[in-house]
Amino acid sequence: MRVLFVISTPSGIEPLGAMLLAAICLREGHEVSCAISRRGGLLEKARAFDPDVVAYSASSADMDHLREADRPLREWLKARGRRFLRIMGGPHPTFCPEVLDEMGLDAICQGDGDEALPEVLRRWEAGESLEGIPNISLTASDAPVKRLVEDLDALPFSDRGIYYELVPYARSSGLRSMHTSRGCPYKCTYCFNHVYNRKFEGAGRLLRRRSVENVLAEVEQVVRDFPPVRLIRFSDDVFVIKADAWIREFAEKYPRRIGLPFYCLMRSNTLTEETAALLAKAGCQAIGMSIEAGGERVRNKILMRNLSDGQIARSFALAKKHGIRTYATTMVGIPGTTVRDDFESLEFARKISPTAPAFAIASPYKGTAMWDAAVRDGHIAPESSPTSRLTGMSEVTCFTPREKKLHLRISALGPLYVTMPAPFHHAVRALIRWPLPVPNAMLRLFQISYYSYRLATRIFPQAIPRSPVALARAVLDNLRHL
């Protein structure tokens, strides 16, 4: 079978889900290729590869574009006059199964596809029914058997070549991403994890982790087969939940066998004195540790983060003590809040002083608790599909146009306010409140430029491509997307 994986957006961060599924398909004897819909040429790529199966990997923010890119591809597939299968996996179909009917897909995968996709391909090739395959739905109302893949060590290493062929600068950047675990025990209302845990309760262990040996073996393989490698990015939702035998073994073996700096994601309640010391020992260069809101009412009553101001302040101080840089995101324009709350978040971020701060305008995604609350309170129409990203204007109805403009100004100028020396704070704050009109495009350009500069030079300096051509391509791709 010939399987064409379709992802939406090129970037220096590899699409781990599609690359892993490609490796699984190759192991089963199928042919694979990959296309990026935002670059155009999807139909041309399909004509050249002539797929039997088109497999979309989709987040909610990708959907408007993917629907548009899918139409001509679907028409061409039908015109060939032979059987084909269109299937979608990823967060969006998992939590919004109605996409199956909206796009006329043949199937969707909800949750883990590592075992489901090979069985789909086997049955499709044999002309058998796809009914009853765990995690596979054939209609939007299907309630398939749920199954979680528990033995992560049994999975092959991701097929990175399929992506680097399309995005060469992702390889020349020196940054390599991988997962060491699956699952998150926390209940943040803006995230899908709490819904996922409820949806797949009883289907297996929700929190699963690869062995240290398996992780190190993949890092060694990547270093050997895909040079240059200068920085490892562990993409787990929370890299360390507690100081246990796994992280102690990792902290002993990683610096001896790998010795490369790495980046990971943490929560303030998990960055204790002991975990910070273990991460520093292992070679952790930087962590992503979100603030999300500067006031406890918003953070804990609306976002359900369950983190006190003191916990957050201590965690950032611990990171600094152990020489670990911090990347911190904060949301503004959260439904149910006021502009005063946003300025409180701005001040809180300034006080804890992350290495690379970022401010994003909140976008409730369908299927999350934040979405449900926004619909219940009349802030979002149930049939709408907000897809605002880092630089998008708020799409909820509980804010005035002026407030939405302030959200955009805070998200654009907030990182500058947090990182500038004290004598400049008054001037930057005045710019944020400045009533004179400033084109949104100018604010967005400044936001993208300063955010990217700070992130690249402070958190991922090794990821900057050494080739001027690769660097220019990376910048252009990111500007086009953002």
Side-chain angles (χ1 to χ4, degrees), residues 175 186 188 230-244 247-248 250-252 254-255 259-296 299-300 305-331 344-360 410 413-425 428-429 450-464:
L175 175 68
Y186 300 105
C188 308
R230 297 184 288 269
L231 178 68
I232 301 297
R233 173 181 175 268
F234 293 114
S235 304
D236 314 285
D237 291 320
V238 185
F239 185 62
V240 179
I241 293 177
K242 62 181 180 179
D244 57 11
I247 186 58
R248 293 190 184 98
F250 180 86
E252 287 293 332
Y254 183 90
L260 292 171
F262 67 90
Y263 166 89
C264 63
L265 299 174
M266 295 288 288
R267 271 177 57 104
S268 288
N269 61 302
T270 67
L271 194 71
T272 63
E273 181 71 53
E274 186 175 8
T275 56
L278 287 167
L279 288 174
K281 176 183 178 181
C284 181
Q285 171 176 286
I287 57 175
M289 191 160 57
S290 295
I291 299 169
E292 303 303 18
E296 290 186 359
R299 190 186 312 124
N300 299 330
R305 293 280 287 166
N306 196 27
L307 294 170
S308 69
D309 290 350
Q311 280 179 300
I312 293 178
R314 283 192 295 274
S315 66
F316 280 84
L318 274 172
K320 186 174 182 180
K321 172 185 174 182
H322 288 277
I324 300 173
R325 304 169 199 168
T326 48
Y327 166 53
T329 56
T330 304
M331 288 191 288
E344 183 179 6
S345 294
L346 185 66
E347 286 301 319
F348 187 77
R350 181 186 63 80
K351 289 177 182 177
I352 66 170
S353 189
T355 312
F359 291 82
I410 293 173
L413 299 174
L416 184 66
Y417 179 75
V418 171
T419 55
M420 290 291 280
F424 296 94
H425 288 162
V428 179
R429 194 178 177 96
Y450 190 73
Y451 164 82
S452 301
Y453 164 77
R454 196 82 188 180
L455 196 64
T457 59
R458 302 297 197 277
I459 305 300
F460 301 125
Q462 299 91 338
I464 300 173

Qualifying residue for side chain to side chain contact (heavy atoms under 4.5 Å, CB included) with R454, from V418, L416, T419: T419

Gap between atom CZ of R233 and atom CG of L175 - 0.5 Å precision: 7.0 Å

Spacing of R248 atom CZ and K281 atom NZ [to the nearest 0.5 Å]: 10.0 Å

Minimum heavy-atom distance A243-L278, with the two atoms named: CB-CD1, 4.2 Å

Polar side-chain atom of R458 near backbone of T355 as donor-acceptor pair, under 3.5 Å: no

Distance-minimising heavy-atom pair for A276 and H322: CB-CD2, 3.6 Å

Plane angle bin for F262 and Y254 - parallel if under 30°, tilted between 30 and 60°, otherwise perpendicular: perpendicular

Pairwise side-chain contact, C264 with C284, heavy-atom cut-off 4.5 Å (strictly under): yes

Residues R429 and E347 bridged, charged N to O under 4.0 Å: yes

Side-chain ion pair, R267 and D237, N-O less than 4.0 Å: no

Backbone of I312 reached by a side-chain donor or acceptor of D309 within 3.5 Å: no

Smallest separation among heavy atoms of L279 and I287, with atom names: CD1-CG2, 4.5 Å

Steps toward side-chain hydrogen bond (donor to acceptor under 3.5 Å, both in side chains) verdict (T329, S290): CA-CA 5 Å; T329 56; S290 295; 2.8 Å; yes

Verdict with reasoning, F239 to L265, per side chain to side chain contact (heavy atoms under 4.5 Å, CB included): CA-CA 6 Å; F239 185 62; L265 299 174; 5.7 Å; no

Verdict with reasoning, Y263 to F460, per side chain to side chain contact (heavy atoms under 4.5 Å, CB included): CA-CA 8 Å; Y263 166 89; F460 301 125; 3.5 Å; yes

Shortest non-hydrogen contact between F250 and P255, atoms and distance: O-CD, 3.9 Å

Six-ring centre of F348, R299 cation under 6.0 angstrom, axis tolerance 45°: yes

Separation between CZ of R305 and SG of C188, rounded to the nearest 0.5 Å: 4.5 Å

K242 with E274: basic N within carboxylate O range, under 4.0 Å: no

Over all atoms of both residues, closest heavy-atom pair of L318 and T272: CD1-C, 3.6 Å

Spatial distance of atom NZ (K320) from atom OG (S353) [nearest 0.5 Å]: 6.0 Å

Exam field: side chain T270 to backbone I241, donor-acceptor pair closer than 3.5 Å: no

Pair V240-F234, side chain to side chain contact (heavy atoms under 4.5 Å, CB included): steps then yes or no: CA-CA 11 Å; V240 179; F234 293 114; over 6 Å; no

Heavy-atom closest pair, residues R325 and P461: NH1-CG, 3.8 Å

Verdict with supporting geometry, L307 and N269, side chain to side chain contact (heavy atoms under 4.5 Å, CB included): CA-CA 7 Å; L307 294 170; N269 61 302; 3.6 Å; yes

